[in-house]
Amino acid sequence: MPICPSCEIKFNNWYDVAEHIDLMANKRSDKSHVMWLNRNLSIKRLSKEELAKKLEDYFSTPEGLGMWIRKRFIEKFYGENPHPFILAMQKPTRGVLLGYVIEHQHFLKNWVKVLSSIVFKTDKDEVVEYELENIAVEFIGYKGRPSHYELLLRMGESLGMSREKILNTQPLPDTQFAINTWRRIAEEKHWLITMACMHSLELVADRSLRNYGAKLHYFDPQILTSDEYSQAVKDFLREGYEADVSHAGEALHLVEKYAKGIEEEIQINVLKSFDAFSKYLFARLERGIELEPQLMRVITR
Amino acid sequence: MKIIVNGKEAGSKETGCALCGATWGEYYEEIDGDRLFFCCDFCALEFKNMVNEVKKRTGWSKIDELIINGNYYTGRTCIAKLGEKEYKFYVKFNEEGDVGIFKEV
């Protein structure tokens with residue numbers, strides 16, 4: 001059922017959604033509706049008829065919901081203007097990596113809390129198993145290997161920052177905003193929406209994105225064999241590089257399997273999650289700039 | 001004030017929002033004697049905060065021209081001009097529309 005992507009009111013058809021958005025954006029200048037249009041559809045004003053057609057096209061899923069999510073992710077993070085943090089990761093400096101460490105510890109702690117809300121709400125055993133394994137890999141350690149959280153902290157230590165200092169640094173406002181967004185989704189939405197919103201973010205390190213039009217990898221894979229980076233840096237980056245292809249793909253498969261009837265709700269919340277993720281990635285860079293002011297050139301180029 | 005957003009003139013209903021260039025919406029604010037068009041009150045708030053920050057840092061009483069490049073996601077790299085003088089800066093707004101990051105470049 002067509003839904004307003006800004007305020008989530010349900011309508012009978014896309015023309016009714018377009019009429020509603022036209023009223024909210026053009027007559028009332030409502031910031032939430034205008035921002036959604038600007039960020040996702042067009043900054044150019046459209047007639048109601050054009051808007052209805054654009055909305056219908058934008059939300060259509062001829063290749064399935066999973067592929068829709070994958071393509072939207074590429075558009076936002078790996079398209080013509082890749083996210084500045086991803087640009088910085090092509091040859092990351094100490095500042096970029098430490099920014100990553102300091103902000104990401106907060107992301108990872110929140111990550112497992114939100115995943116546990118999926119476990120709490122779902123009645124699908126395969127989803128419970130998938131999420132519990134993910135929680136173990138990310139936070140506890142799995143099959144004798146250290147957790148991603150532990151590998152992240154070791155990366156920070158190898159860059160010269162103590163574990164105590166890393167753990168005692170509060171998140172930047174954009175990281176906190178993003179965390180609040182995901183917690184709100186976990187508390188208020190269907191578990192499947194939460195699952196889609198969280199695991200679609202793992203696409204960031206999915207090497208197969210290049211096959212679907214991404215201009216870049218998450219980082220230059222030569223880093224994994226370069227002498228310029230410590231073993232701890234390589235160990236952390238390699239874990240994501242090797243794990244997230246299967247993780248994101250498997251989650252999107254599960255989402256698609258159970259999504260019938262709530263596809264549009266999943267789509268609009270995934271877009272909200274992407275906006276939060278963009279802010280959060282930027283916070284990693286902002287933290288890096290605090291430590292290494294010359295990193296400003298990455299965002300002002 | 002002459003305003004260029006991502007390479008195109010902006011600031012009127014025909015040309016688009018003085019901050020983001022969008023032609024949605026119907027919101028106006030008078031800034032430095034000019035009646036400027038914005039797509040929403042939030043863009044207007046951000047624009048005013050940015051202009052005030054530039055004035056505070058430069059000591060200028062007004063801005064003749066403002067060139068804005070970027071967007072919500074990346075922040076904006078800008079040039080403010082007054083006569084022959086130029087001031088280059090980067091700005092990113094926070095969730096309240098206040099200046100979150102501001103750096104001279």
**Student:** Please flag which part of T300(A) lies under 4.5 Å from any non-hydrogen atom of chain B: side chain, backbone, both or neither.
**Tutor:**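 Both parts, backbone and side chain.
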**Student:** Establish, from distance only, whether the side-chain atoms of H217(A) and Y78(A) form a donor-acceptor pair under 3.5 Å.
**Tutor:**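 The answer is no; no qualifying pair exists.
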**Student:** Can you find a heavy atom in the side chain of L98(A) that is under 4.5 Å from one in the side chain of E292(A)?
**Tutor:**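 No, every pair of side-chain atoms sits at 4.5 Å or beyond.
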**Student:** Which answer fits P84(A), side chain, backbone, both or neither, if we ask what part of it has an atom under 4.5 Å from a heavy atom of chain B?
**Tutor:**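 Only the side chain of P84(A) comes within 4.5 Å of chain B.
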**Student:** Heavy-atom cut-off 4.5 Å, strictly under: side chain, backbone, both or neither for M35(A) against chain B?
**Tutor:**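 Just its side chain gets close to chain B.
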**Student:** Do the numbers put K76(A) on top of the ring of F274(A), so that NZ or CZ is under 6.0 Å from the six-membered ring centre and no more than 45° off the axis?
**Tutor:**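 The answer is no, since K76(A) fails at least one limit relative to F274(A).
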**Student:** Measuring heavy-atom distances to chain A, does K88(B) have an atom under 4.5 Å in its side chain, in its backbone, in both, or in neither?
**Tutor:**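 No part of it gets close to chain A.
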**Student:** Just by distance, with hydrogens left out, do T74(B) and N71(B) show a side-chain donor and acceptor under 3.5 Å apart?
**Tutor:**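 Yes, N71(B) and T74(B) have a side-chain donor paired with an acceptor closer than 3.5 Å.
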**Student:** Using a 4.5 angstrom heavy-atom cutoff, name the option from V34(A), N38(A), D22(A), L37(A) with the most pairs to chain B.
**Tutor:**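 Option with the top pair count is L37(A).
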**Student:** Examine whether an atom of L87(A) lies under 4.5 Å from a heavy atom of chain B, and if so say whether it belongs to the side chain, the backbone or both; otherwise answer neither.
**Tutor:**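 Neither part; nothing is under 4.5 Å.
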**Student:** Less than 4.5 Å to any heavy atom of chain A: does that hold for the side chain of T77(B), its backbone, both, or neither?
**Tutor:**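 For T77(B), side-chain heavy atoms alone lie under 4.5 Å from chain A.
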**Student:** Need one label for D174(A): side chain, backbone, both or neither, based on atoms under 4.5 Å from any heavy atom in chain B.
**Tutor:**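 It is the side chain, since no backbone atom gets that close.
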**Student:** Give a yes or no on whether a salt bridge exists between K279(A) and D275(A), defined as a side-chain N under 4.0 angstrom from a carboxylate O.
**Tutor:**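 Looking at D275(A) together with K279(A), the answer is no, because their closest N to O distance does not fall below 4.0 Å.
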**Student:** Let me know which of L281(A), V96(A), V204(A), L285(A) forms a side chain to side chain contact (heavy atoms under 4.5 Å, CB included) with M89(A).
**Tutor:**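 Only match with M89(A) under side chain to side chain contact (heavy atoms under 4.5 Å, CB included): V96(A).
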**Student:** Examine whether an atom of R39(A) lies under 4.5 Å from a heavy atom of chain B, and if so say whether it belongs to the side chain, the backbone or both; otherwise answer neither.
**Tutor:**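 Both parts, backbone and side chain.
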**Student:** Does CG belonging to N81(A) count more than 12 external heavy atoms closer than 6.0 Å?
**Tutor:**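 Result for CG/N81(A): open.
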**Student:** Using a cut-off of under 4.5 Å on heavy-atom pairs, state which of Y27(B), Y90(B), F42(B) scores highest against chain A.
**Tutor:**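 Answer, by heavy-atom pair count under 4.5 Å with chain A: Y90(B).
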